[in-house]
Amino acid sequence: VSGSIVEIIIRSGVLVSASTTSNYAITNPNTWPVGVFVRLVIESGAIVAGRGANGVKGVDILNDVPPTFSTVLNGINGGNALLIDYPISIDNTGGIISGGGGSGGAGEAIYRGFPLNAGVAGSGSGGGWPFGLAGPKGEISVGVIGAADGNDGQAATSTDAGSGGLGVNHATVLTGGDGGNGGKYTDGTDGGSAIGSGVKSGYGTKGLMGDAIHGQSFIVWENIGTIYGATS
């Protein structure tokens with residue numbers, strides 16, 4: 001009711017994130033009764049972060065003659081941390097507010113026809129911090145000699161971004177593209193672009209870091225602390 005004080009405290013060592021990149025880690029809604037005072041305390045060592053983006057699949061080589069490549073997938077942008085739609089006081093002394101890390105781009109596939117008849121599919125990208133899922137490996141379905149699938153990317157954890165799968169080498173002749181690494185606020189924020197070489201499909205570009213705050217105008221800062229990502 002009007003006159004109530006609502007205080008949200010995130011303890012040291014706690015990470016608050018979201019279930020998907022479509023959701024915010026914390027929302028302060030506009031549905032409080034008029035006159036309610038809302039305060040958010042982020043203790044030293046606590047983190048509020050958007051969800052990290054899931055990795056994307058490496059490029060497939062499809063069973064056509066001549067073989068064609070599946071659509072190249074770009075990395076996905078990370079989620080946003082705070083949505084503020086009602087006045088709030090924030091004490092972020094020693095804490096971190098950060099957008100989620102973007103995922104890397106897909107690794108490229110490579111194919112060479114006669115006389116090699118060899119192909120190597122691309123590798124999947126790493127998930128963005130925190131908790132972004134691994135991108136699966138690219139697969140090859142064309143019946144050629146020495147065909148090889150790519151490698152899976154790695155999932156992100158609560159502390160680290162996922163690495164992209166390394167490209168598979170085929171008899172030192174062809175190497176599928178690496179998947180891009182997932183991004184984290186301490187690693188340049190965005191996901192990594194994928195790489196590769198040879199007669200290839202192209203590769204996915206990196207996903208971007210999510211925003212830190214939407215609704216800046218509703219915030220009264222007691223202590224700003226550390227913020228990674230855009231604010232608006």
Side-chain angles (χ1 to χ4, degrees), residues 15 17-25 47 49-62 68-81 96-110 120-140 149-168 175-198 200-214 227-232:
L15 166 65
S17 189
S19 58
T20 71
T21 56
S22 298
N23 298 326
Y24 289 81
I47 301 175
R51 174 72 177 230
N54 292 339
V56 298
K57 185 176 183 179
V59 179
D60 297 324
I61 300 178
L62 305 177
T68 58
F69 302 109
S70 65
T71 301
V72 176
L73 299 177
N74 295 327
I76 300 170
N77 296 341
N80 305 317
I96 293 174
I97 300 170
S98 177
S103 60
E108 62 197 354
I110 301 173
V120 186
S123 294
S125 69
W129 168 89
F131 303 124
L133 301 178
K137 63 187 179 183
E139 299 174 347
I140 186 165
D149 293 340
N151 285 317
D152 295 322
Q154 293 181 343
T157 67
S158 61
T159 57
D160 293 309
S163 299
L166 297 178
V168 173
T175 302
D178 300 341
N181 296 330
K184 182 183 178 183
Y185 65 92
T186 56
D187 299 330
T189 69
D190 298 327
S193 294
I195 60 175
S197 60
K200 55 205 173 191
S201 59
Y203 52 84
T205 58
K206 64 185 180 182
L208 303 179
M209 182 179 184
D211 294 342
I213 300 169
H214 290 170
I227 297 175
Y228 296 100
T231 62
S232 64

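- Interatomic distance, Ser163 OG to Asn181 CG, rounded to the nearest 0.5 Å: 4.5 Å.
- Contact record, Lys137 with Asp152: N-OD1, 2.8 Å, taken as the closest heavy-atom pair.
- Using a distance-only test at 3.5 Å, with no hydrogens or angles considered, no donor-acceptor pair links the side chain of Trp129 to the main chain of Gly182.
- Of all non-hydrogen atoms in Ala25 and Gly50, the two that sit nearest each other are CB-N, 4.4 Å.
- Panel note: side chain Ser17, backbone Ala49; a donor-acceptor pair is recorded below 3.5 Å.
- Here the closest non-hydrogen pair linking Ser158 and Pro130 is CA-CB, 4.3 Å.
- Of all the heavy atoms in Ala109 and Ala121, the pair that sits closest is CB-CA, 3.8 Å.
- Under the 4.5 Å side-chain criterion, counting only non-hydrogen atoms from C-beta, Glu139 is in contact with Lys57.
- Judged as a side chain to side chain contact (heavy atoms under 4.5 Å, CB included), and not counting sequence neighbours, the contacts of Ala81 are Val48, Ile97.
- You'll find the side chain of Val120 stays beyond 4.5 Å of the side chain of Thr175, heavy atoms only.
- Take Asp211 and apply the side chain to side chain contact (heavy atoms under 4.5 Å, CB included) test, not counting sequence neighbours, and it matches Asn80, His214, Ala230.
- Here the side chain of Thr21 pairs no donor or acceptor atom with the backbone of Gly79 at under 3.5 angstrom.
- Ser98 places a side-chain heavy atom less than 4.5 Å from the side chain of Met209.
- Atoms OH and CD1, on Tyr185 and Ile227 in that order, are 13.5 Å from each other to the nearest 0.5 Å.
- Closest of all the heavy-atom pairs between Gln154 and Ala134 is C-CB, 3.4 Å.
- In this structure, CD1 on Ile96 lies 5.5 Å from OH on Tyr228, to the nearest 0.5 angstrom.
- Between the side chain of Asn77 and the main chain of Gly102, no donor-acceptor pair closer than 3.5 Å is present.
- Using a 4.5 Å cut-off on side-chain heavy atoms (C-beta onward), Val72 and Glu108 make no contact.
- Judged purely by distance below 3.5 Å, without hydrogens or angles, the side chains of Asn74 and Thr205 pair a donor atom with an acceptor atom.
- Residues Asp60 and Ser70 come closest through the heavy atom pair N-OG, 2.8 Å.
- Two residues are said to be in side-chain contact when any heavy atoms from C-beta on lie closer than 4.5 Å; Ile76 and Val56 meet this criterion.
- The main-chain N or O of Ala18 is found under 3.5 Å from a side-chain atom of Arg51 such that the two form a donor-acceptor pair.
- In this view, Thr71 satisfies the side chain to side chain donor-acceptor pair (under 3.5 Å) rule with no residue, not counting sequence neighbours.
- Remark: Ile61 CD1 to Ile140 CD1 distance equals 3.5 Å, nearest 0.5 Å.
- Taken to the nearest 0.5 Å, the CG atom of Leu15 stands 9.5 Å off from the OG1 atom of Thr157.
- In terms of modelled atom types and a separation under 3.5 Å, the side chain of Asn54 and the main chain of Leu133 share a donor-acceptor contact.
- A distance of 11.5 Å separates OG of Ser125 from CG of Asp178, quoted to the nearest 0.5 Å.
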